[in-house]
There are 2 protein chains.
Amino acid sequence: MSLKHAIMVLLETEAGSGYDLLKRFKQRLGFFWQASHQQIYQQLKVMHKEGLIDYQWEPQLGKPDKKVYIMTAFGHEQLVEWLHQISKPQKINDSFLVKLYGGHLLDKVVLLDELYQHVKQHKKALTIMLAIEREYQQLSQQERNDLAFPFLTLRRGIIGEQAWLAWAQEVEVFLQEK
Amino acid sequence: MSLKHAIMVLLETEAGSGYDLLKRFKQRLGFFWQASHQQIYQQLKVMHKEGLIDYQWEPQLGKPDKKVYIMTAFGHEQLVEWLHQISKPQKINDSFLVKLYGGHLLDKVVLLDELYQHVKQHKKALTIMLAIEREYQQLSQQERNDLAFPFLTLRRGIIGEQAWLAWAQEVEVFLQEK
DNA sequence: CCGTAATATGCAACTATTTGCATATCACAA
DNA sequence: TTGTGATATGCAAATAGTTGCATATTACGG
């Protein structure tokens, strides 16, 4: 299970509440790790029980109080241990491909329709990532250095989306010719 | 849940036992839908209870008997209905990227080591897919037509793996320069 | 004052997946 | 005859993830 470790990687850089983490997941890890707020809150509770993290209630002005979590020494140790283990290959479960596999059971217009919707979403994601990439390029040498690893994961997102869109082109041509 | 639908797409084309399906998953859907034998047997049981599929024990020569599942009319109906619904965007949970995101916590040699292992696996997968592609290209027009949809999913796998490897190159260069 | 949206946290029930165990048939080779 | 490997099916327990519900604070605009 790696939601736990994804949370620790985030908390290692900077302490934060469940809500903060939710936003970081959405903004920074969204294209390679997705987690709902329920999952995050549940996991934080479990991790606290396991002694991986600790927390403090923090009052805020103009906002509800929040529970700010920080890594414990034990948590740090466990994270580093996990980082040293080879991760299992990513599990892919893509239902659009299942659908396409059985595409002969469907009208091509229905498939094209769905394809367009997916294309739209992938283009949107790519646009956002390219904007982040441009911001990154304009940072100072020092800042770029600090963010080098997150930047590599962003590159994965960009390359992945471009590949997806190139493939979608092939599918579109096929469906239109058919 | 789409394991159910992946199974139905497979059974729609050809009846088969749990074990047959397991092999089809591994050989044909492996790069976009992964399922263990336990998952498949459990799901078949549930699907039978729901009336989506039916089965018959089939004795075999030189092999243990098997339960051959076929689609019911109801199953077909439900599958077609599912095919008409827009599928949710694929959920990605890639722990190697989590690790890379926190790469500053790790020695670059450890990361490079792991990268090489992943590269090896992705190259292997790509080689297999390219071989299947070549086989496909040599089929008759009629056969190619029958397999056009599975072929599109194969293309997704090929393009995806090529993109992954191109990205891995970037990561390698970065880690070696560092 | 009322509705809406962002911020903030959580429970309970259900569904899906993984892990570990368990068993049995048959072919083939040592 | 003993072990190995492919074929074939499954249960039970644990873990992980989803869905639906529930609540509260504060800002801001109408």
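Labels below follow one simple rule: chain letters A, B, ... track the order of the sequence lines, proteins then strands, and each chain is numbered from 1. If you're wondering where the values come from, they're calculated on a predicted model, not measured in any experiment.
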Please determine, for the side chain of Lys67(A), which listed nucleotide (dT9(C), dA8(D), dC11(C)) has the closest atom? dT9(C)
Quick one: does Gln39(B) reach the base of dT19(C) with a side-chain donor-acceptor pair under 3.5 Å? no
Value in whole Å for how far the C1' atom of dC11(D) lies from CD of Gln43(B): 16 Å
Between atom CG in Leu44(B) and atom P in dC11(D), what is the gap in whole Å? 12 Å
Counting the atoms with a prime plus P, OP1 and OP2 as sugar-phosphate, which does Lys88(B) contact under 4.0 Å by heavy atoms, base, sugar-phosphate, or nothing? sugar-phosphate
Is there a donor-acceptor contact under 3.5 Å linking the side chains of Gln90(A) and Ser95(B)? no
Between dA8(C) atom P and Glu58(A) atom CD, what is the distance in whole Å? 10 Å
Phosphate OP1/OP2 of dT19(C): any Ser36(B) side-chain N/O under 4.0 Å: no
Any N/O pairs under 3.5 Å between the protein and nucleotides 25-30 of chain C? List them or say none.
residue, atom, partner, partner atom, Å
dC26(C), O3', Gly62(B), O, 3.4

Between Trp57(B) (CH2) and dA24(C) (P), how many Å, whole number? 13 Å
Nearest-nucleotide 5' precedence on DNA chain C, Gln42(A) against Val68(A): Val68(A)
Let me see the working for Arg134(A) and Gln137(A) under side chain to side chain donor-acceptor pair (under 3.5 Å), right down to the final yes or no. CA-CA 5 Å; Arg134(A) 273 193 303 276; Gln137(A) 306 292 11; over 6 Å; no
Have Asp146(B) and Gln142(B) got a donor and an acceptor in their side chains that come within less than 3.5 Å? yes
For Tyr41(B) and dG10(D), is the shortest distance between a side-chain N/O and OP1 or OP2 below 4.0 Å? no
Nucleotide dA16(C), atom P - distance to CD1 of Ile40(B) in whole Å: 15 Å
Is the number of heavy atoms from other residues, nucleotides or ligands within 6.0 Å of NZ (Lys91(A)) greater than 12? yes
With a 4.0 Å cut-off, would you call Lys4(A) and Glu50(A) a salt bridge? yes
Is there a donor-acceptor contact under 3.5 Å linking the side chains of Glu172(A) and Tyr116(A)? yes
In this structure, how many angstroms lie between the P atom of dT18(D) and the CG atom of Leu3(B), rounded? 16 Å
Among residues 18-26 of chain A, which residues get a heavy atom nearer than 4.0 Å to DNA chain C? Gly18(A), Tyr19(A)
Does OP1 or OP2 of dA16(C) have a side-chain N or O of Lys4(B) closer than 4.0 Å? no
Can you tell me how the ring of Trp167(B) sits relative to the ring of Trp164(B), calling it parallel under 30°, perpendicular over 60° and tilted otherwise? perpendicular
Take the protein atom NE2 of His37(B) and the nucleotide atom P of dT19(C), then report the distance between them rounded to whole Å. 13 Å
Glu58(B)/Lys67(B) salt bridge by N-O under 4.0 Å criterion: no
Looking at Arg155(B) and Glu170(A), is there a salt bridge between them, counting it only when a charged N and a carboxylate O are closer than 4.0 Å? yes
The nucleotide from dT9(D), dG17(D), dC21(C) with an atom nearest the side chain of Lys91(B) is dG17(D)
For the pair made of CD in Gln38(B) and P in dT9(D), what is the distance, rounded to whole Å? 13 Å
Tell me whether the rings of His104(B) and Phe149(A) are parallel (<30°), tilted (30 to 60°) or perpendicular (>60°). tilted
